[in-house]
Amino acid sequence: MSSNKHNATTERKARLGAIAQWAKVGVLKPRELFSIEEIFMKRVEAKTNTFFRPIQIGELNSVEFNRQLSYLIDAFDSLPGRVDIAFDSTWKAFELETREFAPRQNITDRLRTIAEAVDKDVIDLICSNFPVQSCEYLYKRLISDVVDKNVNYGLKNRINYSKNNQQICQLLEHLELKYKKGSSVTRRNGALLIRRALEGEQLKLANSSGVTFVTLGSNSKTQILISLFLYTARNERVHGSTFSPFISSAASLRTYTHPYFAFLATYYLLISLWKRKHPQVLILNQGSVITSLKENIEIARKILGSNWNN
């Protein structure tokens with residue numbers, strides 16, 4: 001039996017075993033961790049004594065605001081082991097706050113509206129720290145799935161809307177021309193090009209009209225981060241389009257980089273909106289939002305090491 005088949009069989013038995021244990025004694029007794037979960041928790045214990053440090057928040061007499069806080073507590077309760085669930089709960093808080101900016105719009109339009117409200121320094125720092133796995137995810141959704149006609153209706157519309165942005169349009173056209181076919185190495189190179197673009201590097205891109213030099217501005221990065229990356233990941237989880245990430249034979253430490261990053265990005269987008277709408281609630285103790293973001297990114301990269309860049 002190959003290693004992959006062995007791992008798949010082992011994890012399948014572990015999933016059934018967890019349900020069987022709970023069927024006998026109830027769910028008060030925690031299940032045994034899967035092998036990758038054990039590895040991750042041991043790594044967390046060895047690398048940090050904080051994992052994630054949120055910004056202190058002051059009181060605000062608002063039902064909507066306190067509802068958002070309730071979802072953040074749900075998110076932090078799931079850390080460190082389930083960064084994917086932390087992302088889900090933090091997105092709920094973020095989505096609630098977007099209604100404060102555009103209450104009459106649907107979520108897709110609200111995400112476009114709030115792109116103007118978020119802190120561009122926060123956007124630039126987040127986008128300069130994209131893990132490679134998340135860039136591979138973006139490449140698959142924006143290029144491979146489009147070429148294979150496997151893209152869903154909502155994402156297709158968001159991609160088409162994004163192409164109204166000349167910088168994004170030029171980047172996607174170049175990726176489709178150069179990287180849409182070929183080996184896994186070619187596809188990885190396409191993902192790495194997305195990463196370089198999000199880091200703010202000036203790129204020489206070829207498209208149907210010739211060669212041009214493109215540097216993504218903060219507005220372009222914001223659109224890619226929120227509408228094409230985070231909202232797509234959120235939708236797939238809500239609709240069950242993807243496997244629960246750590247209950248899988250394919251899971252590795254690298255698997256953690258994607259939801260961990262999505263959680264951090266969504267949290268600081270929410271903080272950016274609060275800074276704009278309710279600045280009095282942020283208790284920064286002589287620090288700043290950027291200082292906090294840098295600290296938590298540093299912790300994440302320390303825990304996951306080379307997996308962040310591989």
Side-chain angles (χ1 to χ4, degrees), residues 2-8 10-11 33-48 51-52 79-84 86-87 124-145 171 174-175 178-201 203 216 221 224-225 228-230 232-233 236-237 242-266 268 293-310:
S2 70
S3 176
N4 286 343
K5 288 183 178 179
H6 173 74
N7 289 340
T10 301
E11 299 302 318
L33 294 179
F34 285 65
S35 57
I36 191 56
E37 292 177 307
E38 288 184 2
I39 292 170
F40 178 72
M41 294 303 293
K42 287 178 181 178
R43 195 170 179 98
V44 169
E45 184 178 351
K47 297 292 184 179
T48 181
F51 188 77
F52 169 75
L79 297 173
R82 295 306 301 264
V83 286
D84 57 323
F87 166 53
D124 288 342
L125 184 54
I126 290 172
C127 288
S128 67
N129 284 280
F130 254 87
V132 170
Q133 189 183 60
S134 294
C135 293
E136 292 175 348
Y137 171 85
L138 268 175
Y139 176 86
K140 183 174 189 332
R141 296 295 179 264
L142 304 183
I143 305 301
S144 297
D145 288 353
L171 175 62
H174 175 84
L175 288 165
K178 187 168 183 179
Y179 297 107
K180 68 179 180 180
K181 295 180 180 179
S183 65
S184 59
V185 173
T186 302
R187 294 191 294 272
R188 179 177 170 81
N189 287 339
L192 292 176
L193 185 72
I194 292 175
R195 195 185 201 211
R196 289 165 56 200
L198 289 165
E199 289 172 341
E201 182 179 334
L203 301 175
L216 292 184
K221 294 177 189 176
I224 293 172
L225 175 67
L228 300 183
F229 174 65
L230 291 172
T232 304
E236 290 178 352
R237 287 186 57 79
T242 57
F243 212 102
S244 185
F246 316 125
I247 316 298
S248 164
S249 59
S252 67
L253 277 176
R254 187 173 184 265
T255 307
Y256 281 85
T257 64
H258 179 64
Y260 198 161
F261 175 73
F263 157 66
L264 288 176
T266 306
Y268 283 98
L293 174 54
K294 285 181 177 177
E295 178 188 8
N296 283 314
I297 287 176
E298 182 179 347
I299 293 170
R301 297 185 75 130
K302 182 179 180 182
I303 291 169
L304 290 161
S306 61
N307 295 285
W308 202 270
N309 295 319
N310 289 336

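Note that the structure is predicted; figures quoted are calculated from it, not measured.
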Test side chain to side chain contact (heavy atoms under 4.5 Å, CB included) on K221 and S128 and set out the steps. CA-CA 10 Å; K221 294 177 189 176; S128 67; over 6 Å; no
Should I224 and I194 be marked as a side chain to side chain contact (heavy atoms under 4.5 Å, CB included) after you check the CA-CA gap, both sets of side-chain angles, and the distance that decides it? CA-CA 10 Å; I224 293 172; I194 292 175; 5.7 Å; no
One pair to check against side chain to side chain contact (heavy atoms under 4.5 Å, CB included): L198 and L138. What are the steps and the verdict? CA-CA 11 Å; L198 289 165; L138 268 175; 4.2 Å; yes
Set out, in order, the CA-CA distance, both residues' side-chain angles and the distance that settles side chain to side chain contact (heavy atoms under 4.5 Å, CB included) for Y260 and F51, then state yes or no. CA-CA 11 Å; Y260 198 161; F51 188 77; 3.5 Å; yes
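Residue pairs that meet the salt bridge (charged side-chain N to carboxylate O under 4.0 Å, His left out) test with at least one member in residues 301-310, sequence neighbours left out, do not exist here.
Counting all heavy atoms, side chain and backbone alike, I36 lies closest to L253 at CD1-N, 3.4 Å. Taking every heavy atom of both residues into account, S144 and R187 meet most closely at OG-CD, 4.2 Å. Minimum heavy-atom separation, A86 to L79: CB-CD2, 3.6 Å. Of all the heavy atoms in A251 and F246, the pair that sits closest is CB-CA, 4.1 Å. Heavy-atom minimum distance, L304 versus N307: O-ND2, 2.8 Å. Nearest heavy-atom pair across M41 and L33 is CG-CD1, 4.2 Å.
Between the side chain of S248 and the backbone N or O of P245 there is no donor-acceptor pair closer than 3.5 Å. Formation of a donor-acceptor pair under 3.5 Å by the Y256 side chain with backbone atoms of I303 is not found in this model. Distance alone, capped at 3.5 Å, places no donor-acceptor pair between the W308 side chain and the A300 backbone. Not one N or O on the side chain of Y268 forms a donor-acceptor pair closer than 3.5 Å with the backbone of L125. Of the possible polar contacts, none joining the T48 side chain to the V44 backbone as a donor-acceptor pair under 3.5 Å is found.
Taking 4.5 Å as the limit, every side-chain heavy atom of L142 sits out of range of all side-chain heavy atoms of L175. Residues F261 and V83 fail the side-chain proximity criterion, which asks for heavy atoms closer than 4.5 Å. Counting heavy atoms from C-beta on, the side chains of Y179 and L193 come closer than 4.5 Å.
The structure places OG of S184 at 9.5 Å from CD of E136, a figure rounded to the nearest 0.5 Å. Going from atom NE2 of H258 over to atom SG of C135 covers 10.5 Å, rounded to the nearest 0.5 Å. We find the OH-CG distance between Y139 and L192 to be 11.5 Å, quoted to the nearest 0.5 Å. Within the model, atoms CG of N129 and CG of N296 stand 11.5 Å from one another, a figure rounded to the nearest 0.5 Å. Taken to the nearest 0.5 Å, the CG atom of N309 stands 10.0 Å off from the CZ atom of R254.
Partners of K140 according to the salt bridge (charged side-chain N to carboxylate O under 4.0 Å, His left out) rule, which considers only residues two or more places apart in sequence or in another chain, are D145. For R237, the salt bridge (charged side-chain N to carboxylate O under 4.0 Å, His left out) partners are D84, D88, not counting sequence neighbours. By the salt bridge (charged side-chain N to carboxylate O under 4.0 Å, His left out) test, E236 is found to be paired with R141, residues two or more places apart in sequence or in another chain being considered. With sequence neighbours left out, the salt bridge (charged side-chain N to carboxylate O under 4.0 Å, His left out) criterion links E37 to R31. Residues passing the ring-ring contact (aromatic ring centres under 6.0 Å, His included) test with F263, sequence neighbours excluded: F52.
The environment of E38 atom CD is dense: over 12 non-hydrogen atoms of other residues, nucleotides or ligands sit within 6.0 angstrom. Counted within 6.0 Å of CD on E298, heavy atoms from surrounding residues, nucleotides or ligands total 12 or fewer; the atom is thus considered open.
For F229 and F130, the ring centers sit closer than 6.0 Å to each other.
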